[in-house]
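Numbered from 1 within each chain, the chains take letters A, B, ... in sequence-line order.
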Number of protein chains: 2
Amino acid sequence: MTSQATTLKGQPLDKPVLDAMLRRRMFYTPSFEIYGGVGGLYDYGPPGCALQANIVDIWRKHFVLEEDMLEVDCTALTPHDILKTSGHVDKFSDFMCKDPKNGEIMRADHFVEAVLEARLKGDKEARGQKVEEKEDDPKKKKKKAKTEAVKLDDAVVQEYEEVLAKIDNYGGPELGELIKKYDLKNPATGLLPTEPVAFNLMFQTSIGPSSNLPGFLRPETAQGQFLNFAKLLEFNQSQMPFASASIGKSYRNEISPRAGLLRVREFLMAEIEHYVDPEGGKKHSRFHEVENLELVLLDKGTQLSGKTTTKTMTIGQAVKEGVVDNETLGYFLARIHLFLQKIGVDMSKMRFRQHMANEMAHYACDCWDAELYTTTGWVECVGCADRSAYDLTVHAKKTGAPLVVRERLEKPLVIEEWQVDIDKKKFGPLFKKDAKAVEAALEATTQEQREAFSKQLTEGGKITLDVPGVGDGKAEVTSDSIKIEFRKRVENTREFTPNVIEPSFGIGRILYSLIEHNFWTRGNDGTDEARGVLSFPPPVAPTKVLLVPLSSNAQFKPEVRKLSQRLRAMGISSRVDDSSASIGKRYSRNDELGTPLGITVDFQTLQDQTITLRDRDSTTQVRADEAKILEAVRSLVDGSKDWAKIQSELPKFEGQEVEVAQR
Amino acid sequence: MTSQATTLKGQPLDKPVLDAMLRRRMFYTPSFEIYGGVGGLYDYGPPGCALQANIVDIWRKHFVLEEDMLEVDCTALTPHDILKTSGHVDKFSDFMCKDPKNGEIMRADHFVEAVLEARLKGDKEARGQKVEEKEDDPKKKKKKAKTEAVKLDDAVVQEYEEVLAKIDNYGGPELGELIKKYDLKNPATGLLPTEPVAFNLMFQTSIGPSSNLPGFLRPETAQGQFLNFAKLLEFNQSQMPFASASIGKSYRNEISPRAGLLRVREFLMAEIEHYVDPEGGKKHSRFHEVENLELVLLDKGTQLSGKTTTKTMTIGQAVKEGVVDNETLGYFLARIHLFLQKIGVDMSKMRFRQHMANEMAHYACDCWDAELYTTTGWVECVGCADRSAYDLTVHAKKTGAPLVVRERLEKPLVIEEWQVDIDKKKFGPLFKKDAKAVEAALEATTQEQREAFSKQLTEGGKITLDVPGVGDGKAEVTSDSIKIEFRKRVENTREFTPNVIEPSFGIGRILYSLIEHNFWTRGNDGTDEARGVLSFPPPVAPTKVLLVPLSSNAQFKPEVRKLSQRLRAMGISSRVDDSSASIGKRYSRNDELGTPLGITVDFQTLQDQTITLRDRDSTTQVRADEAKILEAVRSLVDGSKDWAKIQSELPKFEGQEVEVAQR
């Protein structure tokens with residue numbers, strides 16, 4: 001699976017051919033192209049837009065509706081303070097270095113990777129081995145380093161390979177050291193690039209007319225969800241666990257965006273924040289529904305040992321063995337697997353890869369990526385992170401908002417402990433303006449301190465307390481204003497900050513990978529030009545039915561219009577192609593658009609009201625009256641029947657192209 | 001209709017009560033509230049989010065699918081050059097003025113309006129007339145000017161009223177003059193504010209790591225659609241007319257955003273760009289389908305005369321009389337009307353208002369707003385502008401991209417005209433580096449000039465041509481290098497820049513107005529506390545069905561789970577409320593959420609498998625077996641039956657609350 005990417009039918013995938021087709025059919029296109037374009041910004045044309053909408057629709061049904069998640073829609077504009085607290089202002093960066101001569105800016109990890117890979121390739125050439133060409137990698141700005149066929153020591157080859165296996169695990173200083181250690185020069189100038197420096201990936205702006213409120217475009221939808229936690233918990237009638245979800249654009253000012261949808265600066269995300277009680281091992285009540293599902297896993301230990309070998313195991317087993325930390329994380333990995341399968345991902349080109357420690361985002365304590373294999377290698381399409389209580393804790397601390405769950409205990413908790421009683425009437429006048437600070441210092445004492453203080457109060461009638469910022473930093477408290485006693489206390493509620501499990505989907509990357517996984521070419525035994533087909537499953541296909549009149553004959557128009565209206569009423573998207581091109585050409589165009597079904601209206605229709613139905617993948621056709629064909633369409637689109645079943649039910653038809661020729 | 005806003009049932013609308021309810025049910029909430037919030041930024045909670053999704057879904061079906069529009073999804077990030085060309089950098093501004101003492105920044109038009117309205121109110125008080133309190137107006141930052149009961153001259157009252165009627169028509173200098181003329185002082189300081197200056201409403205940022213590409217967040221989705229015009233035309237197989245459409249967030253850095261969804265800085269838009277041939281009167285092939293629809297119109301002439309009287313007429317009549325400029329514009333006004341009706345807008349609180357000349361956006365040549373009446377007065381919710389060929393022309397001119405339609409003429413056009421033939425071999429050496437400029441000057445000559453030149457060439461053998469920038473600004477061309485003749489020319493294609501009709505929807509404003517139009521309070525003959533109800537039509541209601549078990553008895557759980565799954569399979573959204581609150585409380589909660597239907601599972605269900613169905617608006621119930629009830633739900637949600645019909649088909653049920661009391 002680390003070799004060349006293939007089409008749905010196992011053919012070598014010719015990316016330039018696919019790219020030309022996607023461009024021709026306007027799946028997506030560089031934004032502002034007539035102005036020369038801008039790296040990392042793409043517009044979706046009609047088929048891309050419909051494909052995206054269908055993926056999002058299935059996502060919403062599979063996750064939000066299936067589990068009664070609370071969907072929210074928060075703003076992308078975010079004031080500085082929130083992202084300062086969340087850690088993004090300080091830590092949401094990539095490392096970049098600069099060529100000292102030509103000023104070129106490069107992502108440091110991509111630079112190291114590119115030069116090392118070029119050396120390994122040169123080594124292979126020198127050893128006379130076959131060299132595989134990888135397409136440009138979304139994760140890496142590769143200097144197209146001219147390969148020189150230079151043989152390396154076996155030990156060096158192994159060292160380079162190990163560095164590459166854990167490339168995502170290096171920080172800026174370590175990348176800088178690798179550059180020096182291996183003398184990694186920019187092939188364009190022959191010079192070492194500058195020391196890597198952190199570049200914050202957020203787009204900055206300012207909010208309001210007086211320009212005094214700095215803000216950013218959100219780099220993830222998560223923060224808006226966290227800030228609404230208390231309201232969402234209340235909306236959910238205080239029931240735990242629960243999840244919020246959000247679908248919306250996020251923004252990252254990538255240092256070196258690549259051609260294509262895989263590393264862009266504005267992208268659609270779908271994120272779930274599932275709040276779970278950190279106690280009790282993060283169990284999930286529906287885990288049993290998925291525990292026997294087999295997943296392909298690449299854990300961090302394997303990667304740190306310099307390997308990329310995956311293991312296939314049921315998620316039940318993985319959680320049991322501790323490969324996956326807990327049931328809730330495991331449940332969502334399984335649900336992600338089922339979602340990708342549902343939309344038509346080739347599951348032989350999918351794996352879950354665990355993040356290594358340094359690779360992890362600053363907020364995460366564990367993370368698995370669902371990666372899909374494409375012409376650009378393995379692409380991380382879904383992240384599933386355990387953010388622990390990180391975000392709720394930092395925001396609560398900063399704002400004082402109680403981002404916690406209060407749970408009524410079934411059995412009240414009896415706690416025996418040292419407790420402080422303050423006689424406010426005496427205490428207040430004693431410390432005046434400092435009373436609050438002294439009280440806080442008292443409340444903050446540990447059980448051990450209290451025990452000692454209690455003894456001092458009994459014995460000496462007073463204690464001396466450290467109170468930073470008050471007088472000389474010390475306060476003397478006498479036994480007439482406070483009491484410290486060892487007593488029972490009954491607790492009826494438990495308060496805790498929930499942990500967050502976050503499945504986070506990059507819709508654009510999923511969409512692009514899905515296109516590659518469903519692409520293949522149809523050639524007429526080598527005699528015809530190969531023609532592209534996108535075999536999307538009907539639920540995600542941009543358009544479900546193509547309506548073609550046999551010719552531009554005016555007699556066909558009313559029938560086509562009627563069919564179009566009926567399909568619309570059934571909620572099935574269709575498009576009419578009444579252009580003058582041949583039926584074959586019109587079908588080919590729609591094979592490229594991934595339209596699974598085609599209905600033709602011909603002269604026979606005018607006589608006996610029958611129409612034909614064509615299957616995109618097999619190009620076979622059936623013929624029957626309108627009611628039967630529309631019912632077949634409905635069952636194919638909702639997935640209740642497949643084409644073989646339809647073929648067994650309705651009479652075969654041999655095709656109108658012949659018929660045209662006869663007339 | 002300019003008096004106080006009312007509920008769906010004609011009750012005076014108590015906005016604080018509604019606001020409290022919307023907050024309690026988390027329809028929307030100020031973004032970043034735990035950080036103190038930011039003006040003009042709101043998050044949608046679960047019911048708001050679902051309501052928004054349903055409005056968008058109906059919009060997509062009503063416009064995009066119904067007319068085979070080409071939907072696109074373009075980036076919000078937009079480089080400076082595009083918005084410079086489109087005119088937004090120079091002209092997309094509001095006028096602001098500043099109080100010289102306290103530094104307060106105010107929108108100039110809102111300031112003028114507020115002070116004049118306060119004076120008119122004071123005049124009414126002085127005359128002993130009843131004064132109506134308007135809620136804060138989304139369009140206006142009103143200084144809560146303390147009203148003084150000062151009587152004004154009748155002529156002054158009329159003058160103020162006329163100024164207010166055309167307040168949207170003033171530019172910055174005119175607003176400055178009004179401030180001086182009427183001595184409009186800031187009530188907070190008693191000072192005249194500074195001269196109004198333009199404040200650009202776009203959020204600025206920079207794209208890429210080197211910060212050298214300035215950009216903005218788009219203020220409208222339109223530009224992305226225009227830039228893709230040539231590709232979309234090709235995708236549409238060069239057929240005209242056609243429309244593109246886009247649903248996405250846009251951004252405007254409002255000077256003074258108001259509380260609520262009506263003037264915000266980040267908002268969801270749904271925009272259509274319909275491209276039409278400017279020749280032939282902009283006819284529309286489906287105009288006959290809507291021509292008899294009656295619309296309420298307030299034209300610009302009426303407003304300029306200082307009045308706000310509407311006229312009701314069919315759109316057919318309006319186009320015929322020239323009130324609405326052309327069929328295509330009229331067709332979309334009618335379609336907008338039908339859309340608003342479909343989602344449940346109170347059509348007695350709706351009007352189309354035409355923009356006055358100065359009010360119009362810089363790109364528009366005509367514009368009608370669909371306005372909805374709310375507690376904050378008339379709110380512009382949909383704009384329908386004729387942008388003529390403005391945008392395509394400026395972008396084509398700037399980039400050289402051919403943003404035109406080339407149409408094969410059915411009958412080739414034979415044109416007799418004066419034509420210039422240049423003998424390049426002689427012409428080139430004659431003018432050397434200036435040859436191109438001289439050639440361009442020749443090509444640019446008019447028919448009249450050419451006729452005169454032809455004569456001069458024949459008679460004098462040479463002509464003298466104005467060529468700015470070449471030598472002394474004149475060029476002498478002799479008859480051996482050019483010929484000018486009167487000849488026939490056959491044109492097979494016609495090239496034109498299409499005009500754009502743009503219906504543009506502010507989804508948030510529509511959503512808020514829809515809430516007000518569907519809100520009412522239910523009181524039990526004054527004995528009970530009034531309870532809020534949102535009577536959304538089922539297709540837009542956030543959730544369609546509430547599922548309530550009679551009590552928390554475990555026996556009800558499997559039945560509720562089964563119903564929940566069945567409804568999900570039918571594509572009907574439902575929510576379970578198995579909290580310990582009484583059935584009445586649970587229904588009340590869902591009346592506030594606008595859930596149209598409620599199903600209860602009770603002890604009888606366990607015996608005979610029947611369930612009850614409750615109608616939100618009448619609170620009446622029916623009882624039948626599961627299959628019949630689910631079929632009733634389906635027909636109510638898809639609109640094929642109403643509650644009266646269901647009541648006539650299924651047995652009435654008197655309510656479980658009594659039943660509970662009996663047990």
K.L.:
Pick one of side chain, backbone, both or neither for B/Leu403, based on which atoms fall under 4.5 Å of a heavy atom in chain A.
P.N.:
side chain
K.L.:
Less than 4.5 Å to any heavy atom of chain A: does that hold for the side chain of B/Leu567, its backbone, both, or neither?
P.N.:
neither
K.L.:
To the nearest 0.5 Å, what is the distance between OH on A/Tyr251 and CG on B/Leu217?
P.N.:
6.5 Å
K.L.:
So which heavy atom on B/Gly208 is nearest to which on A/Phe199, and how close?
P.N.:
O-CZ, 4.2 Å
K.L.:
Taking B/Asp81, B/Asp94, B/Val64, B/Val264 one by one, which has the highest count of heavy-atom pairs under 4.5 Å against chain A?
P.N.:
B/Asp81
K.L.:
With chain B, which of A/Ala245, A/Gly40, A/Pro47, A/Pro46 has the greatest number of heavy-atom pairs at distances under 4.5 Å?
P.N.:
A/Pro46
K.L.:
Of the backbone (N, CA, C, O) and the side chain (C-beta and beyond), which part of A/Ala76 lies under 4.5 Å from a heavy atom of chain B, both, or neither?
P.N.:
both
K.L.:
Which of residues 569-581 of chain A have a heavy atom under 4.5 Å from any heavy atom of chain B?
P.N.:
A/Ser574, A/Arg575, A/Asp577, A/Asp578, A/Ser579
K.L.:
Rounded to the nearest 0.5 Å, what separation is found between the CE atom of A/Met26 and the CG atom of B/Leu70?
P.N.:
8.0 Å
K.L.:
Is B/Lys98 in contact with chain A via its backbone, its side chain, both, or neither, using a 4.5 Å heavy-atom distance?
P.N.:
neither
K.L.:
Does any backbone or side-chain atom of B/Leu232 lie under 4.5 Å from a heavy atom of chain A? Answer side chain, backbone, both or neither.
P.N.:
both
K.L.:
Distance check, rounded to the nearest 0.5 Å: B/Thr29 atom OG1 versus A/Lys231 atom NZ?
P.N.:
2.5 Å
K.L.:
Taking every heavy-atom pair that is under 4.5 Å apart, which of B/Met69, B/Met96, B/Glu234, B/Glu33 has the most such pairs with chain A?
P.N.:
B/Glu33
K.L.:
Contact part of A/Thr205 toward chain B, heavy-atom cut-off under 4.5 Å: side chain, backbone, both or neither?
P.N.:
both
K.L.:
With heavy-atom distances below 4.5 Å as the criterion, would you say the side chains of A/Phe235 and B/Leu593 are in contact?
P.N.:
yes
K.L.:
If you tally heavy-atom pairs under 4.5 Å against chain B, which of A/Val38, A/Leu268, A/Leu77, A/Leu201 wins?
P.N.:
A/Leu77
K.L.:
With a 4.5 angstrom heavy-atom cut-off, could you sort out which part of B/Gln223 is near chain A: side chain, backbone, both or neither?
P.N.:
neither
K.L.:
Is chain A contacted by the side chain of B/Thr75, its backbone, both, or neither, given a heavy-atom distance below 4.5 Å?
P.N.:
both
K.L.:
Sort out for me which of A/Gln239, A/Arg568, A/Arg25 touches chain B most, counting heavy-atom pairs under 4.5 Å.
P.N.:
A/Arg568
K.L.:
Of all the heavy-atom pairs spanning B/Ile207 and A/Phe203, show the shortest one and how long it is.
P.N.:
CA-CE2, 3.9 Å
K.L.:
Output the distance between atom CG (B/Asp68) and atom OG (A/Ser564), rounded to the nearest 0.5 Å.
P.N.:
6.0 Å
K.L.:
Please find the pair of heavy atoms, one from A/Pro79 and one from B/Phe32, that lie closest to each other, and give the distance.
P.N.:
CD-CE1, 3.4 Å
K.L.:
Select one option (side chain, backbone, both, neither) describing which atoms of B/Arg589 are under 4.5 Å from chain A's heavy atoms.
P.N.:
side chain
K.L.:
Taking side chain as everything from C-beta outward and backbone as N, CA, C, O, which of these in B/Gln565 sits under 4.5 Å from a heavy atom of chain A? Side chain, backbone, both or neither.
P.N.:
neither
K.L.:
Of the backbone (N, CA, C, O) and the side chain (C-beta and beyond), which part of B/Asn253 lies under 4.5 Å from a heavy atom of chain A, both, or neither?
P.N.:
side chain
K.L.:
Side chain, backbone, both or neither: which part of B/Lys398 has an atom under 4.5 Å from a heavy atom of chain A?
P.N.:
side chain
K.L.:
At their closest point, which heavy atom of A/Cys74 faces which heavy atom of B/Asp43, and how far apart are they?
P.N.:
CA-OD1, 3.2 Å
K.L.:
For the residue pair B/Lys249 and A/Asp73, what are the closest heavy atoms and their distance?
P.N.:
NZ-OD1, 3.1 Å
K.L.:
So which of B/His395, B/Gln204, B/Gln237 has the largest heavy-atom pair count under 4.5 angstrom toward chain A?
P.N.:
B/Gln237
K.L.:
Would you name the heavy atoms of A/Pro209 and B/Arg265 that are closest together and state the gap between them?
P.N.:
CD-NH2, 3.7 Å
K.L.:
How about A/Tyr35 and B/Thr85: does a side-chain donor come under 3.5 Å of a side-chain acceptor?
P.N.:
yes
